[in-house]
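Note sheet for the following structure.
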Amino acid sequence: MKPIPMVDLGVQYERLKPEIDAAIAEVMAGTRYILGPNVQALESELADFLGVAHAVSCASGTDALHLALRAAGIGPGDEVITSPFTFIATAEAICYCGAEPVFVDIDPRTFNLDPERVAAAVTERTRAILPVHLFGQPADMAALSAIADERDLTLIEDCAQSFGATHDGQQTGSIGLAGAFSFFPSKNLGACGDGGLITTSDDELADEIRMLRNHGRRVDGYLHEVVGYNSRLDELQAAILRVKLGHIDEFNRQRRRVAASYGERLSDTALEIPFEDGLGRHVYHQFTMLVPDGRRDAMQAALRDASIASAVYYPTPLHRQPAFSGYSRAGSLAHSESVAERCLSLPIFPEMTEEQIDRVADTLKAAL
Ligand SMILES: *Cc1c(COP(=O)(O)O)cnc(C)c1O
């Protein structure tokens, strides 16, 4: 039987091939490979789409987090509250600034930071809150914004998985001081290589980030105000992303269709399908469910036998990673630990057919 991958980038390329190939050919012939017209146009198109004054592209989602935190003044001695149930880059970026990640537990239904626990974890040294809109569902930004306002903290959003998701009608990345996006190929808006983006409506912050991403210079030339980085999005990726941006609403609609189809087929089983908290629009970067205790290996084996991919995002919460053994936590992280033991992500991508969804659902039901 034809394998069903987690994400099928091949069918997407086939569908968009004429547009993408033409865009690539134009860049090649134009020879402006770094910070050229496509990067400029993409940044302005993204700022419009996301409802922010500034969209500054960079080399990766990890860099986007790092540059946003650094430009916001996060540094040694500062604590940044974040989730332990995320990709490691979220916390790495905090460490790059010399600050300390403080891991706070999640709401086990949404997999996102629990605002009540965040409020309880704030100390004298807390400078920022870094929520992750995990799997494409916005974190509770109303509650987190209220905490940040009251305690005078900086709120920066990890939007790597949430391109196009909205919270109370606002795009993720337009709510906090800044948002950090990733264009890693498998993300909802994915390039054909690495790429990232910082969004903000703060003019000074945007200037600072533009300077940091380009060796600490404000304008072309050789005057460097600070020690910066080489973290630019390349022109080929920008051209490809401009093509894909034209289809992103359709991609996200199709992801929601796949999630709804899975939901219909799996809701009367022992599997706990994703919970939508109704605060915003989930864009299903992943379709991640909770399986009954101790059954995950068997479910994955059954899927594998039927040539169906599955993945565990994420098997080890960050506070359990050797890399973060020296860092602190605030309170119990029991939900993050139990979710890490029971989570299972299924294939999901815009082009997934109803037949493929049936095959995955039938295989899971038979395995239960
Ligand atoms: C992918 C991802 C990142 C990092 O993005 P890269 O572009 O791979 O550097 C950061 N945070 C989360 C939650 C991610 O999923």
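Nothing here was measured: the structure is a model prediction, and the numbers come from that model. First listed ligand is number 1; within each ligand, the first listed atom is number 1. Values below: every heavy atom of this structure, side chains too, minus hydrogens, waters and symmetry copies.
Of the heavy atoms in Val132, only side-chain atoms (C-beta onward) come closer than 4.0 Å to ligand 1.
The ring-ring contact (aromatic ring centres under 6.0 Å, His included) with Phe103 is formed by just one residue from the set Tyr327, Phe324, Phe85; it is Phe324. The only option from Thr166, Asp168, Thr172 that meets the side-chain contact (heavy atoms from CB on, under 4.5 Å) definition with Arg281 turns out to be Thr166.
Ala160 CB, 3.4 Å is the protein heavy atom nearest to atom 12 (C) of ligand 1. Of the protein's heavy atoms, Asp158 OD2, 2.9 Å lies nearest to atom 11 (N) of ligand 1. Residue, atom and distance of the protein heavy atom nearest to atom 9 (O) of ligand 1 are Thr62 OG1, 2.5 Å.
Comment: Glu272 engages Arg342 in a salt bridge, judged by a side-chain N to carboxylate O separation of less than 4.0 angstrom. Comment: Arg242 does not engage Glu19 in a salt bridge, judged by the lack of any side-chain N to carboxylate O separation of less than 4.0 angstrom. In summary, Glu14 and Lys17 do not engage in a salt bridge, as defined by a charged side-chain N under 4.0 Å from a carboxylate O.
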Notebook entry, point to check: Taking it one step at a time, do His66 and Tyr96 satisfy ring-ring contact (aromatic ring centres under 6.0 Å, His included)?
Noted result: CA-CA 7 Å; His66 176 203; Tyr96 296 160; 5.2 Å; yes

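For Asp194, no nitrogen or oxygen atom sits less than 3.5 Å from a nitrogen or oxygen atom of ligand 1, counting backbone and side chain alike. Taking only nitrogen or oxygen atoms, main chain and side chain alike, Gly61 reaches within less than 3.5 Å of ligand 1.
Compare Lys187, His285, Gln286, Gln161 by their heavy atoms: the one nearest to atom 2 (C) of ligand 1 is in Lys187.
Short contacts between ligand 1 and Phe87, defined as distances under 4.0 Å to a heavy atom of the residue, involve ligand atoms 2 (C), 3 (C), 12 (C), 14 (C). Those atoms of ligand 1 with a heavy atom of Thr86 less than 4.0 angstrom away are 13 (C).
Figure legend: Arg255 and Tyr284 shown without cation-pi pairing, the cationic atom not lying both under 6.0 angstrom from the six-membered ring centre and within 45 degrees of its axis.
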